A.B. asks: 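One structure coming up, written as structure tokens, with questions to follow.
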Amino acid sequence: MYAGHQVVRAYNGEAQAENEFDKINRELYDSAWKSQFFSGLMMPLMGFVGNFGYVAVCVLGAVLAANGSITFGVIVSFMIYIRLFTQPLSQLAQVFTSLQSTLAASERVFDFLGEEEMEDESTKLCRLKSVQGDVEFRNVRFGYDANKTIIHDFSAKVTAGQTVAIVGPTGAGKTTIVNLLMRFYETDGGEILIDNVPIRNLTRENVRDQFCMVLQDTWIFEGTLRENIVYSKKGVTDAQLDEVCRAVGLAHYVKSLPQGYDTVLDEQTSLSSGQRQLVTIARAMIESAPLLILDEATSSVDTKTELLVQKAMAQLTEGKTSFVIAHRLSTIKHADLILVLKDGDIIESGNHQQLLAQNGFYAELYNSQFEQVS
Ligand SMILES: Nc1ncnc2c1ncn2[C@@H]1O[C@H](COP(=O)(O)OP(=O)(O)OP(=O)(O)O)[C@@H](O)[C@H]1O
Ligand SMILES: [Mg+2]
């Protein structure tokens, strides 16, 4: 509810949210009350048992001593026995509550420790150093769940320097392909090769070194603008930063910030969605790896800025293999190869002209941009 605060406000859900909160709060109250009550009860109860023992010993001892069957010393020693016996018991009772909460917590800790380890990669000695940029997908099959396959049989060959566009309806599996390429997930079948080396034989680190990517969900962390743009790269000068920011159209925004690149991006100086995307694009430009992935990188940016970014990108991707995913088809018109994805399978491929001439799904998708809702 706290995270979705705006939704609660926007849909007037305060009453419902309050009810829910009250319910959860009451449950917490009840269980906390019970746990406190019982743990509070433990000490007096043990005290009572101990004292009850004294009384029993005194009464029984008095009767037996009066009869002359035991001496006074036996009574005293039994009193000491009772104390020795009840003391550890009451100590146990004292730690019992903390034992209970430890048990509950350790369950979670052991759940975490019991998670499956990632495959050990220290034995993989194969390294890619200077990458050409050939990428091949060979009969790739994949599903996030074992019993629900999303990518059925994906094969594509990309030669170095090409721009490949992946288009398709929402939920077709475009981002999934990217996730597989970056080895965020392992394929269930088939292979992905970079420069004819299966990425399975490389370490994850080595694979990811070859890519710079702009993801669909922009990733900005709390820190200065400079830290956000120059991430895990050393020796970047301000001149380079200026150049990149000019290229993506952020220069004006940076000038308007009180401390320029050293302004901390937090709740007060929050960026618009488009600006966030521009920052992540700038980050990719600075990184400048041999392979580039753009997943809906300019979807929230206005069309004029998009054109600016595209021009800058064209310079950046010169001679590099790049994968571009976009719903605005004007963005990918000039791609060397367009793969049309539907339900995890390539249904059409070719360049813009070829696909339009085919008059299939792509042509339909493309023409629907110009349709009017009547
Ligand atoms: N982490 C995940 N776990 C389980 N299923 C997932 C996960 N991510 C995506 N999916 C499912 O995989 C399918 C393909 O998702 P994917 O994100 O690849 O679509 P997409 O083509 O990128 O769509 P969009 O155009 O909306 O970005 C969807 O049906 C989605 O529900
Ligand atoms: Mg996606």
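Being a predicted model, the structure only gives us computed values, none of them experimental. Just follow the structure's listing: the first ligand is 1, and inside any ligand the first atom is 1. All values below come from the heavy atoms of this structure, side chains included, with hydrogens, waters and symmetry mates left out.
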A.B. asks: Taking 2.8 Å as the cut-off, does Gln216 contribute an N, O or S atom near the Mg ion (ligand 2), distance below it?
C.D. replies: yes
A.B. asks: Any idea which protein heavy atom is nearest atom 23 (O) of ligand 1, and the distance to it?
C.D. replies: Gly171 N, 2.9 Å
A.B. asks: Could you tell me, atom by atom, which parts of ligand 1 come under 4.0 Å of a heavy atom of Gly173?
C.D. replies: 14 (C), 16 (P), 18 (O), 19 (O), 20 (P), 21 (O)
A.B. asks: If I apply the N/O under 3.5 Å rule, does Ala172 come out as touching ligand 1?
C.D. replies: yes
A.B. asks: With a 3.5 Å distance limit and no angle check, can you tell me whether Thr331 reaches the backbone of His327 through a side-chain donor-acceptor pair?
C.D. replies: no
A.B. asks: Which of the numbered atoms in ligand 1 are below 4.0 angstrom from a heavy atom of Thr176?
C.D. replies: 14 (C), 15 (O), 16 (P), 18 (O)
A.B. asks: Ignoring angles and geometry beyond distance, decide whether His327 reaches within less than 3.5 Å of ligand 1 through its nitrogen or oxygen atoms.
C.D. replies: yes
A.B. asks: Would you please say whether a donor-acceptor pair under 3.5 Å links the side chains of Thr176 and Tyr144?
C.D. replies: yes
A.B. asks: Can a donor-acceptor pair be found, under 3.5 Å and without considering hydrogens, that links the side chain of Asp195 to the backbone of Gly133?
C.D. replies: yes
A.B. asks: Where the side chain of Gln210 meets the backbone of Val207, is there a donor-acceptor pair that is under 3.5 Å apart?
C.D. replies: no
A.B. asks: Do me a favour and list the nearest non-hydrogen protein atom to atom 26 (O) of ligand 1 with residue, atom name and distance?
C.D. replies: Thr170 CG2, 3.1 Å
A.B. asks: Under 4.0 Å from a heavy atom of Gln216: which atoms of ligand 1 are those, numbered in the order shown and with their elements?
C.D. replies: 24 (P), 27 (O)
A.B. asks: In the protein, which heavy atom is nearest to atom 22 (O) of ligand 1, and how far is it?
C.D. replies: Thr175 OG1, 2.6 Å
A.B. asks: For atom 25 (O) of ligand 1, find the nearest protein heavy atom and state the residue, atom name and distance (0.1 Å precision).
C.D. replies: Lys174 NZ, 2.7 Å
A.B. asks: Strictly under 4.0 Å, does any heavy atom of Gly168 approach an atom of ligand 1?
C.D. replies: no
A.B. asks: Between Arg183 and Glu186 (salt bridge meaning N to carboxylate O under 4.0 Å), is one present in this structure?
C.D. replies: yes
A.B. asks: Determine, considering heavy atoms only, which of Ile150, Asp295, Asp217 sits nearest to atom 11 (C) of ligand 1.
C.D. replies: Ile150
A.B. asks: So, applying side-chain contact (heavy atoms from CB on, under 4.5 Å) with Glu348, which one of Ile338, Leu339, Leu355 is it?
C.D. replies: Leu355
A.B. asks: Verify the distance criterion only: is there a donor paired with an acceptor across the side chains of Thr305 and Asp302 at less than 3.5 Å?
C.D. replies: yes
A.B. asks: Quick check on atom 30 (C) of ligand 1 - does any protein heavy atom sit closer than 4.0 Å to it?
C.D. replies: no
A.B. asks: Please report the closest heavy-atom contact between Ala160 and Gln132, naming both atoms and the distance.
C.D. replies: CB-O, 3.4 Å
A.B. asks: With distance as the sole criterion, is a donor-acceptor pair present between the side chains of Thr237 and Gln240 under 3.5 Å?
C.D. replies: yes
A.B. asks: Just by distance, no angles: are the side chains of Thr187 and Arg200 close enough, under 3.5 Å, to form a donor-acceptor pair?
C.D. replies: yes
A.B. asks: Which of the listed options, Tyr185, Phe184, Tyr144, holds the heavy atom that is closest to atom 3 (N) of ligand 1?
C.D. replies: Tyr144
A.B. asks: Quick check on the Mg ion (ligand 2): does Thr170 put an N/O/S atom closer than 2.8 Å to it?
C.D. replies: no
